[in-house]
2 protein chains.
Amino acid sequence: MYERKIPKNLDCGMGMTMEIIGGKWKPCLILNIHNGAKRPSELQRLNPLASRRVLTVQLKELEEHGIINRVVYPVLPPKVEYFLTDLGKSLLPMILLMDEWGAQYLSKPEELPKLKKVI
Amino acid sequence: MYERKIPKNLDCGMGMTMEIIGGKWKPCLILNIHNGAKRPSELQRLNPLASRRVLTVQLKELEEHGIINRVVYPVLPPKVEYFLTDLGKSLLPMILLMDEWGAQYLSKPEELPKLKKVI
DNA sequence: GCGTATAGGGATAAAATTCACCCTATGCAA
DNA sequence: TTGCATAGGGTGAATTTTATCCCTATACGC
């Protein structure tokens with residue numbers, strides 16, 4: 001069992017928020033699900049840079065944190081669908097703003113100093 | 001010189017945004033500066049859980065990304081002040097929303113499943 | 001039978017991030 | 001003189017986070 005050594009900073013709102021959405025792919029997953037993707041395989045196709053494993057794990061954490069619901073259909077081959085909970089939906093204004101802010105610069109990265117080098 | 005092995009995902013807005021604010025203390029620093037803190041020592045006092053070194057480094061990255069300005073006063077002992085740039089100010093709606101979302105649950109963490117155990 | 005698709009998990013390696021410690025330099029106060 | 005405050009950097013270890021690889025199980029089509 002893994003035991004954390006350094007306490008998380010849950011003293012401020014930011015820390016609390018980052019505890020929930022702070023995984024590399026979590027904000028993307030929330031956005032994808034909001035945009036209509038439901039099944040794990042869809043989410044994997046939408047995020048080809050993410051390994052299958054990480055998406056599985058991060059989806060599970062989002063579920064444990066009450067951000068998404070996991071619905072299992074008893075069929076074969078397996079079918080699973082994810083939905084945003086009310087708590088998850090309450091994140092949307094923030095998530096959408098995050099996506100929009102960054103999207104501004106997708107087409108003009110030169111306006112973000114030091115980033116043009118990275119790209 | 002450190003060389004990144006895994007490419008960042010700068011394909012979507014979220015990835016771009018996280019590239020800028022994705023450090024452990026960066027959102028807090030932006031918020032602190034917006035709330036009036038200017039000098040490094042103030043910021044260190046406001047974030048006692050963060051090591052001095054990390055704050056210095058993350059402030060430098062925020063500056064390199066054009067989010068804050070660093071103003072050096074030629075006095076002794078040294079005096080430095082940080083200010084949000086226009087680009088930095090454009091992050092505020094998002095940052096404030098992030099802080100507010102999490103702050104809701106500071107007083108009632110039991111409403112965030114699985115988090116009550118952590119605290 | 002073999003390959004594909006579905007969904008998921010365990011174990012371990014690799015990478016990225018953060019921490020801890022030591023160093024510079026100057027002025028002021030006790 | 002010693003201690004404190006100011007601001008910053010270099011280095012290597014510790015910690016956390018991701019990635020990689022291999023495993024389960026079932027139905028379908030060829």
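All chains are named by letter (A, B, ...) in the order of the sequence lines, taking the proteins before the strands, and each is independently numbered beginning at 1.
When heavy atoms are screened at a 4.0 angstrom cut-off, A/Y82 is found touching the sugar-phosphate backbone but no base atom. Base engagement by A/S51 is indicated by at least one non-hydrogen atom pair under 4.0 Å involving a base atom. Using a 4.0 Å heavy-atom criterion, one finds that B/R52 contacts the bases of the nucleic acid, with or without backbone contacts as well.
For B/K79 and D/dT6, the shortest distance from a side-chain N or O to OP1 or OP2 is not below 4.0 Å. Taking side-chain N and O atoms only, B/K24 has no distance below 4.0 Å to OP1 or OP2 of D/dT16. For the pair A/K60 and C/dA7, the criterion of a side-chain N or O lying under 4.0 Å from OP1 or OP2 is not met.
Listed candidates were D/dG8, C/dA16, C/dC19. Nearest to the side chain of B/V54 is C/dC19. Distances were taken from every side-chain heavy atom of B/P77 (C-beta onward) to each of C/dG9, D/dT6, C/dT6; the shortest belongs to D/dT6. Listed nucleotides: D/dG8, D/dA19, C/dA7. Nearest to the side chain of A/R70: C/dA7. Closest approach to the B/R4 side chain among C/dT17, D/dA19, C/dG8 is made by C/dT17 (side chain taken as heavy atoms from C-beta onward). Counting only heavy atoms from C-beta on, B/T56 has its side chain closest to D/dG9 among C/dG8, D/dG9, C/dA7. Out of D/dT16, D/dG10, C/dT18, the shortest distance to the side chain of B/R53 is found at D/dG10.
Map B/P78 and A/I6 each onto its nearest nucleotide of DNA chain D; the residue landing nearer the 5' end is B/P78. Checking B/W25 against A/P40, the closest nucleotide of DNA chain C that is more toward the 5' end is the one next to A/P40. When the nearest nucleotides of DNA chain C are assigned to B/G22 and A/E42 by heavy-atom distance, the more 5′-ward of the two goes with A/E42. In terms of position along DNA chain D, the nucleotide closest to B/R45 lies nearer the 5' end than the nucleotide closest to the other residue of the pair B/V57 and B/R45.
For the pairing with B/H34, the side-chain contact (heavy atoms from CB on, under 4.5 Å) check across B/I95, B/L92, B/D99 returns one residue only, B/L92.
Counting only heavy atoms from C-beta outward, the side chains of B/I21 and B/M98 approach each other to under 4.5 Å.
Summarising the geometry, the separation between CD on A/E61 and P on C/dG8 is reported as 14 Å, rounded to the nearest angstrom. Following rounding to the nearest Å, A/Q58 (CD) and C/dG8 (C1') show an atom-to-atom distance of 16 Å. Atoms CG (B/L55) and C1' (C/dT18) sit 11 Å apart, rounded to a whole Å. Atom pair A/I68:CD1 and C/dA7:C1' shows a separation of 14 Å (rounding to whole Å applied). Here C/dA7 presents its C1' atom at 13 Å from CD of A/E81, a figure rounded to the nearest Å. Atom-to-atom, CD of B/Q44 to P of D/dC4 comes out at 17 Å; the value is rounded to the nearest Å. When rounded to the nearest whole Å, the span between CG of A/N9 and P of C/dT17 equals 17 Å. Counting to the nearest Å, the P atom of D/dT17 and the NZ atom of B/K8 are 17 Å from each other.
A single hydrophobic cluster is seen to contain both B/V54 and B/Y82, as judged by linkage of ILVMFWY side chains at heavy-atom distances under 4.5 Å, directly or through other members. The hydrophobic cluster containing B/V72 does not contain B/V75, counting ILVMFWY residues as joined when their side-chain heavy atoms lie under 4.5 angstrom apart, directly or transitively.
For the residue pair B/L43 and B/K38, the shortest heavy atom distance occurs at CD1-O, 4.4 Å.
In terms of modelled atom types and a separation under 3.5 Å, the side chain of B/Q58 and the main chain of B/K26 share a donor-acceptor contact.
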